[in-house]
Amino acid sequence: MNKPWFKTEIKKNVNLAGFVVGNYASGEQARVLSKGLITSFEARFYGYVENLSKIFNFNIDKINNILIVIDSNDTAKIYRESFPLSMDIKAKSNLSKFQLVTSNDIIDIISITFSDSQFNVDPLNNEQVIWLFRKGLSFGLYFDLSKKLQQDTFKFETALLFKRVAFFDIYNKIEDELLNNIIKNGWFPFIQIVGNKHEEFFSYFNTFRTDLIDGWCEKTFSNERIEQITSKWLTNYAFIERSKPIAEGISCFIEEKYAAAISSLIPMLEGISNIFVMRTTGKSIGYKGDEITKQVEIISNRKYNEESLFFVKHFKQYLKEYYFKNTTTAESHEAIRNTISHGRATDNSFSRTNAVKIILTLDQLYYFI
């Protein structure tokens with residue numbers, strides 16, 4: 001094996017049990033935190049880092065990446081800045097060997113390991129580990145000093161922390177009132193938006209400039225990109241069995257026949273979901289929007305949890321409050337199941353922007369099944 005391209009520092013007699021979480025007098029019962037996933041957006045972060053820096057001699061203002069693995073003999077291996085790091089991801093499109101991957105290509109980060117094709121510096125089961133990293137202007141701190149570490153759990157937890165730091169702006173916005181405003185306007189942070197200049201997307205709703213959305217939508221989701229997004233759909237059996245209306249709907253979209261595109265595509269969320277549920281459970285979905293929404297959530301949870309970049313809990317909210325919402329309005333500018341199915345949609349409903357919303361909703365479903 002070749003000589004490692006990274007340096008390893010050794011520090012002996014490192015005996016750590018965890019961090020005290022409060023102030024305690026001598027003799028009082030104290031609580032010690034032995035495991036944590038902490039971001040620099042939390043006030044406590046700098047207290048933990050200050051104490052670690054004294055032991056392992058680093059400056060938070062100058063550090064970008066440091067990994068510390070402590071074995072059963074209390075000997076620490078310290079890797080500063082340079083060490084192997086690999087991610088298992090799910091991508092938005094096909095990937096070729098040696099292809100460069102950008103944040104826009106990623107739909108989820110599944111696991112992180114400190115290894116490459118030759119070297120592996122991952123902690124072993126029951127060892128202790130500390131990982132401090134910078135992403136942009138933000139930091140993440142992972143530590144497990146419990147001496148109960150399990151490698152399989154560790155690699156998923158580090159991925160979770162990395163996502164929280166790398167996509168903090170999205171995680172933060174998805175939990176506040178801004179999301180309600182986005183859904184009210186018929187939008188959602190779809191996976192095809194995440195990582196693709198999503199800051200611009202959020203800014204329109206944050207500053208109440210939704211009048212700019214149509215221009216942003218046309219620029220971001222060109223016909224070429226829509227064809228790229230939808231070209232993979234017909235590799236999935238649930239989409240294949242609805243291939244005619246789907247193909248014709250996409251074709252009409254490209255030809256700027258948005259009324260035909262929307263009318264063909266909007267029922268497909270229900271139809272595709274029903275096929276999947278029938279094939280997996282032997283039962284059919286009812287016709288009520290609430291029931292369809294519930295089944296879509298169940299489908300999504302088979303692959304993704306609430307921490308994923310699909311935001312499955314909030315996607316259910318989007319379907320319930322927008323896509324399948326009931327309305328008795330005689331005329332509507334929305335293109336949702338109720339207005340399209342009952343002929344309440346006006347000419348303004350059949351816009352390019354509304355067609356894109358439906359396509360992105362179906363694309364979200366594609367990844368769930």
Side-chain angles (χ1 to χ4, degrees), residues 39 41 89-93 102-110 135-136 138 159-222 225-226 228-230 265 269 293 296-297 299-301 303-325 334-336 352-369:
T39 70
F41 310 108
I89 68 166
K90 290 189 177 181
K92 294 177 183 177
S93 57
T102 69
S103 59
N104 186 42
D105 297 313
I106 298 173
I107 60 173
D108 209 3
I109 301 172
I110 306 304
K135 182 69 175 174
S138 306
L160 173 58
L161 178 62
F162 189 86
K163 283 191 295 184
R164 287 179 180 174
V165 175
F167 296 97
F168 174 78
D169 57 333
I170 298 180
Y171 282 105
N172 186 41
K173 290 179 174 67
I174 205 77
E175 295 294 348
D176 64 20
E177 189 61 31
L178 181 60
L179 177 65
N180 294 330
N181 187 34
I182 291 172
I183 292 176
K184 182 180 178 181
N185 284 276
W187 280 95
F188 186 78
F190 298 105
I191 198 63
Q192 294 294 347
I193 293 176
V194 172
N196 187 55
K197 298 182 179 179
H198 55 256
E199 301 89 349
E200 186 178 357
F201 169 76
F202 282 118
S203 71
Y204 296 135
F205 300 99
N206 204 27
T207 59
F208 300 98
R209 293 303 310 274
T210 52
D211 57 305
L212 300 176
I213 280 290
D214 287 348
W216 169 86
C217 181
E218 186 166 1
K219 177 182 66 175
T220 305
F221 295 102
S222 64
R225 187 164 180 220
I226 290 296
Q228 181 186 39
I229 289 170
T230 59
L265 294 175
L269 182 76
T293 297
V296 171
E297 182 186 32
I299 293 169
S300 64
N301 282 326
K303 286 188 175 181
Y304 303 99
N305 59 36
E306 292 180 5
E307 292 280 0
S308 81
L309 294 171
F310 284 97
F311 304 110
V312 295
K313 177 179 70 175
H314 304 293
F315 187 62
K316 176 186 176 182
Q317 178 188 350
Y318 169 75
L319 293 179
K320 186 175 182 180
E321 296 181 9
Y322 180 75
Y323 202 93
F324 287 113
K325 76 175 178 180
E334 295 174 325
I336 58 176
R352 188 182 192 281
T353 298
N354 282 341
V356 169
K357 294 176 188 176
I358 295 166
I359 290 170
L360 296 182
T361 302
L362 289 172
D363 189 65
Q364 200 91 346
L365 180 64
Y366 167 83
Y367 290 106
F368 294 159
I369 59 179

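Test F201, F202, F205 against W216 for ring-ring contact (aromatic ring centres under 6.0 Å, His included) and you get one pass: F201. Of the options F190, F310, Y323, a side chain to side chain contact (heavy atoms under 4.5 Å, CB included) to F315 is made by F190 and by none of the others.
With hydrogens and angles ignored, the 3.5 Å screen pairs no side-chain donor or acceptor of E321 with any backbone N or O of K184.
Residues T220 and R225 are in side-chain contact: their nearest non-hydrogen atoms beyond the backbone lie under 4.5 Å apart. Residues P189 and L309 have side chains not in contact (no heavy-atom distance under 4.5 Å, counting atoms from C-beta outward). At a threshold of 4.5 Å between non-hydrogen side-chain atoms, the residues V356 and E218 do not count as touching. No side-chain heavy atom of Y366 sits less than 4.5 Å from a side-chain heavy atom of I191. Residues D363 and T230 are not in side-chain contact: their nearest non-hydrogen atoms beyond the backbone lie 4.5 Å or more apart. The shortest side-chain heavy-atom distance between F188 and L319 does not fall under the 4.5 Å cut-off.
Under the 3.5 Å distance criterion, with hydrogens and angles disregarded, a donor-acceptor pair is assigned to the side chains of K357 and N354.
When ring centroids are compared, Y322 and Y318 come within the 6.0 Å threshold. Between F311 and Y304, the distance from one ring center to the other does not fall under 6.0 angstrom.
Ion pairing between R352 and D214 fails under the 4.0 Å rule for side-chain N and carboxylate O.
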